[in-house]
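Here the structure comes first, spelled out in structure tokens, and everything after it is commentary.
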Amino acid sequence: MIRDEIARLVREAARRAQAKGTLPPVAITEVALERPQKPEYGDYASTLPLKLARAARMSPMAIGKAIADELPLVDAIGKIETAPPGFINITLNEKWLAEQVDAIISAEQDFGNLDLGRGERLQIEFVSANPTGPLTAASGRGGALGDTLGNVLSASGYKVEREYYVNDAGSRMEAFYQTVYARYAQALGVAEEVPPEGYHGTYVSDLASETVQEHGDKFLKMPRQQAIDALGKIAIEKMIQAAQRDLADMGVRYDCWFSEQSLYDASLVKKTLEILSERGFTDEREGAVWFTSTSLGEDKDNVLVRSNGVPTYFASDVAYHYDKFFVRAFDRVIDVLGADHQGHVPRMKAAIAALGADPNRLQTIVHQMITLRRCRLDLRMSKRTGDIVSLREVLDEVGADACRFFFLSRSADSQMDFDLELAKRQSNENPVYYVQYAHARIASILRYAGDVEFAQGNVDLLRTEPEQTLIRKMLQFPELIETAATQLEPHHLTYYAQDIAAVFHSFYKQCRVVSDDVELTRARLKLVQAAKIVLAKTLRLMGVAAPEQM
RNA sequence: GCGCCUGUAGCUCAGUGGAUCAGAGCACUGGUCUUCGGAACCAGGUGUCGGGGGUUCGAAUCCCUCCAGGCGUACCA
């Protein structure tokens, strides 16, 4: 991308200045170009002179001049200026900018794609909510983040696999199974109590009656424990399918739904425990098996196998990550977690190190909690009490597009309030509609232009300020992808989408596209076409629809 | 107690390895339209960047500390 190209030129210019002796031979630090916010400072600015000043024992302005003198005036660069206290400001060339419209059109949907990943195999795991209840609105945040990040990383040259870890094993299962059995029995008029540690939400009753409809009372006729297991499995299957539906309706797709139970079935949990043990990272105390993470700098050890012989969730999760790093051997793994699981991160990293892999191959995105409100009241989010707002409800009320956009529009680090009533009431003012409207408007212009043939349009005519501003904004797109991919911060997309929509609307207001001037019409149709490509791609990465009309 | 995250305009929030960092949207007020979609455009900001210290030529950004909130800190997941 052009920014990196210019950074390279600046670095080379500095080296040339050193070769000539106009700049002392000090180490050239990384040339990071900034994007000035004021147009008069150009498109890119280098602070290299300020950074070198101390070591070079020269005034930053003099360094700036020495470097600027060596900068070649390539096609892309229109103007080079040094500005106090020591900036090198670079303005892109108008003609070159105009020509980029053709470049965008020919790149089409590949515009902005990068090759940061070089084909590296990367797995991103997200949501992975317990299947013992419906997905909550909170899962929507993980879904939007994970899916969008997956899109961005794919566009950045990674070979991405998306995965949902299904916790279909472990101690919560039994409580859920018991609950299903009780509700099933109740649906058939048999008195059974939901255990206190069971799941009290009404959805279990719904599941039970559904099962009665499909299977009748046959489970009451078999041995109790057998019935509990059979009913439980049916119910879990239904819950998983519901989760798949919810996420699909939000535009989230997975390559793999990975079963926790399968780790036990394949004896991978056992094997992983053996490896940890062989490598000297386990200890037996009070009848339990511990992972001695303190030896790896952790503040505490963690139980792998309880004194009753049952492995903990942590044990199977270590096995799961063993599978990720050693069996399937992904180069990189990203786990998207809610803040309520943040404590899991350090011990998981320790476990990966203990297994013999570089823990830096695991990255985590810990997103903060969301607080749901309805009519100013906080809503609890617990599956066990059943007092939840489901993702389904949010999708139905707010719509998938607005929902995704909203979840994405804040950095994962910040908590967010989600007032359902507000989200509904404001839906017409939601930024997502502003962005989609810009896309629909573009589509409309292209429809209006009808059969005007503009493939041969001369983009060199696009020299006015609104046109050039739009082009500049489009050229920021690859930089945006890079930021989102390297920082793992998809929220920047929503801001960019609003920016480019605003710049387009402004251009539209000032520049008549289809007019009597045939040549200008063709050139501007090309610009509009390019804007459509960029806007549509931005929306697609976010998983938001780019409507032709609305 | 300890750990992670957060505190920026009335509200919701951006601000990518300091300088060219005081920003956007919403809300509010006032303008713009004889033609391509007005769900639009243009104009309007006196904010101790939670408080206080520190480093520096320069800090919303880095360090320390205090305050406030969220989440962790289980032989739960």
Side-chain angles (χ1 to χ4, degrees), chain A residues 29-30 32 34-38 40-42 45 47 50-51 53-54 60 83-87 89 128-130 132 167 170-172 175 197 260 285-290 299-300 302-314 316-317 338-346 366-369 371 383 406 409-417 419 422 426 428-431 433-434 436-438 440-450 479-480 482-484 486-487 489 491-492 494-495 498-499 501-502 504-515 521 524-525 528 549-550:
Chain A
T29 54
E30 190 184 344
E34 298 179 1
R35 203 173 252 290
Q37 68 291 6
K38 292 181 184 166
E40 57 264 37
Y41 294 133
T47 57
L50 288 157
K51 288 177 173 147
R54 187 182 300 266
F87 292 96
N89 293 331
S128 299
N130 277 341
T132 52
N167 302 129
S171 61
R172 295 309 314 166
E197 72 285 1
E260 179 184 5
R285 292 199 294 268
E286 298 147 31
V289 179
W290 296 72
D299 23 351
K300 61 184 182 58
N302 292 276
V303 172
L304 290 163
V305 184
R306 301 178 180 88
S307 48
N308 65 7
V310 179
T312 60
Y313 168 82
F314 178 56
S316 56
D317 208 21
D340 52 342
H341 287 74
Q342 66 188 236
H344 195 54
V345 175
V366 178
H367 69 257
Q368 298 301 309
M369 302 283 85
T371 307
K383 284 187 180 131
F406 186 87
S409 63
R410 282 144 181 77
S411 95
D413 285 338
S414 63
Q415 293 164 234
M416 58 195 262
D417 285 354
D419 188 325
L422 201 63
Q426 287 190 335
N428 281 344
E429 294 144 16
N430 193 307
Y433 296 109
Y434 177 79
Q436 289 183 317
Y437 177 73
R441 192 178 226 182
I442 288 171
S444 170
I445 295 167
L446 294 173
R447 276 196 303 272
Y448 178 84
E479 297 170 24
L480 166 81
E482 186 190 79
T483 300
T486 56
Q487 311 294 316
E489 290 179 345
H491 69 275
H492 298 296
T494 62
Y495 291 90
Q498 292 176 82
D499 270 1
F504 178 81
H505 283 312
S506 181
F507 153 79
Y508 174 85
K509 192 71 175 180
Q510 297 173 75
C511 298
R512 174 81 200 176
V513 176
V514 180
S515 69
T521 297
R524 285 185 171 164
L525 281 172
V528 169
Q549 51 193 327
M550 51 194 291

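Chain naming here is simple, since letters A, B, ... match the order of the sequence lines and numbering starts at 1 in each.
Rounded to whole Å, the separation between the C1' atoms of B/G17 and B/C75 comes to 44 Å. If you take atom C1' in B/U73 and the same atom in B/A14, they sit 32 Å apart, rounded to whole Å. B/C36 sits 36 Å from B/G23 when the P atoms are compared, rounded to a whole Å. For the C1' atoms, the distance from B/G45 to B/A27 is 14 Å, rounded to whole Å. Atom name P, nucleotides B/C63 and B/C71: the rounded distance is 25 Å, in whole Å. Atom P of B/G37 sits at a distance of 39 Å from the matching atom of B/C11, rounded to the whole Å. Nucleotides B/U16 and B/G72 place their P atoms 29 Å apart, quoted to the nearest Å. Rounded to a whole angstrom, the distance from the C1' atom of B/G50 to that of B/G44 is 28 Å.
For A/Thr483, the side chain to side chain donor-acceptor pair (under 3.5 Å) test picks out no residue, with sequence neighbours left out.
In RNA chain B, stems built from 3 or more consecutive Watson-Crick or G-U wobble pairs, each with both distances under 3.5 Å, span B:1-7 with B:67-73, B:10-13 with B:23-26, B:28-32 with B:40-44, B:50-54 with B:62-66.
Using a 4.0 Å cut-off, no side-chain N or O of A/Thr371 falls inside it from OP1 or OP2 of B/G70. In terms of phosphate contacts, A/Tyr433 brings no side-chain nitrogen or oxygen within less than 4.0 Å of OP1 or OP2 of B/G25. Between A/Arg512 and the phosphate of B/U34, there is no side-chain N or O to OP1/OP2 separation shorter than 4.0 Å. Residue A/Ser414 places at least one side-chain N or O under 4.0 Å from the OP1 or OP2 atom of B/A14. Contact between the side-chain N/O atoms of A/His491 and the OP1/OP2 oxygens of B/G15 is found at a separation under 4.0 Å. A/Ser444 has a side-chain polar atom (N or O) that falls below the 4.0 Å cut-off from OP1 or OP2 of B/G37.
At a threshold of 4.0 angstrom between heavy atoms, the contacts of A/Ala438 with the nucleic acid are absent. Contacts of A/Phe314 with the nucleic acid, taken as non-hydrogen atoms under 4.0 Å apart, are absent. If you check every strand for non-hydrogen atoms under 4.0 Å, A/Glu286 touches a base. Using a 4.0 Å heavy-atom distance criterion, A/Tyr434 is classed as a sugar-phosphate-only contact. A/Ala443 comes within contact range of no nucleotide atom at all, as no heavy-atom separation falls under 4.0 Å. Among the atoms of the strands shown, only primed sugar atoms or phosphate atoms (P, OP1, OP2) are found under 4.0 Å from some heavy atom of A/Met416. Across all strands, A/Ala45 comes closer than 4.0 Å to no nucleic acid atom at all (heavy-atom distances). Note on A/Asp417: only backbone sugar-phosphate atoms sit closer than 4.0 angstrom, heavy atoms only; bases stay farther off. Using a 4.0 Å heavy-atom distance criterion, A/Pro311 is classed as making no nucleic acid contact.
Between the side chain of A/Ser506 and the base of B/C41, no donor-acceptor pair of N or O atoms lies under 3.5 Å. Counting distance only, with no hydrogens placed and no angle test, the side-chain atoms of A/Gln549 and the base atoms of B/G37 include no donor-acceptor pair under 3.5 Å. Side chain A/Asn89 to base B/U20: a donor-acceptor pair is found below 3.5 Å.
Nearest nucleotide to the A/Phe87 side chain, out of B/A19, B/C71, B/C41: B/A19. For A/Pro85, the side-chain atoms get nearest to B/A19 when compared with the rest of B/C75, B/G69, B/A19. Distance from the side chain of A/Gln342 is smallest to B/G3 among B/G3, B/A77, B/A14. Checking B/C36, B/G25, B/A77 against every side-chain atom of A/His344, the shortest atom distance belongs to B/A77. Closest to the side chain of A/Pro36, out of B/U20, B/C36, B/G25, is B/U20. Of the listed nucleotides (B/C76, B/G37, B/G70), B/G37 has the atom at the smallest distance from the side chain of A/Ile445. Nearest nucleotide to the A/Tyr437 side chain, out of B/A40, B/G70, B/A77: B/A40. Distances were taken from every side-chain heavy atom of A/Ser411 (C-beta onward) to each of B/A39, B/A14, B/G15; the shortest belongs to B/A14. Taking the side chain of A/Glu34 as heavy atoms from C-beta on, and the options B/U20, B/U6, B/C76, the nearest nucleotide is B/U20. For A/Tyr495, counting side-chain heavy atoms from C-beta on, the closest listed nucleotide (B/C13, B/G70, B/A40) is B/C13.
In this structure, A/Leu446 and A/His341 both approach RNA chain B, and ranking their closest nucleotides by distance from the 5' end singles out A/Leu446.
Rounded to a whole Å, the CG atom of A/Asp340 is 15 Å from the P atom of B/G70.
Less than 6.0 angstrom separates the ring centroid of A/Phe507 from the ring centroid of A/Phe504.
Panel note: side chain A/Arg512, backbone A/Val514; a donor-acceptor pair is recorded below 3.5 Å. Between the side chain of A/Gln342 and the main chain of A/Ala339, a donor-acceptor pair closer than 3.5 Å is present.
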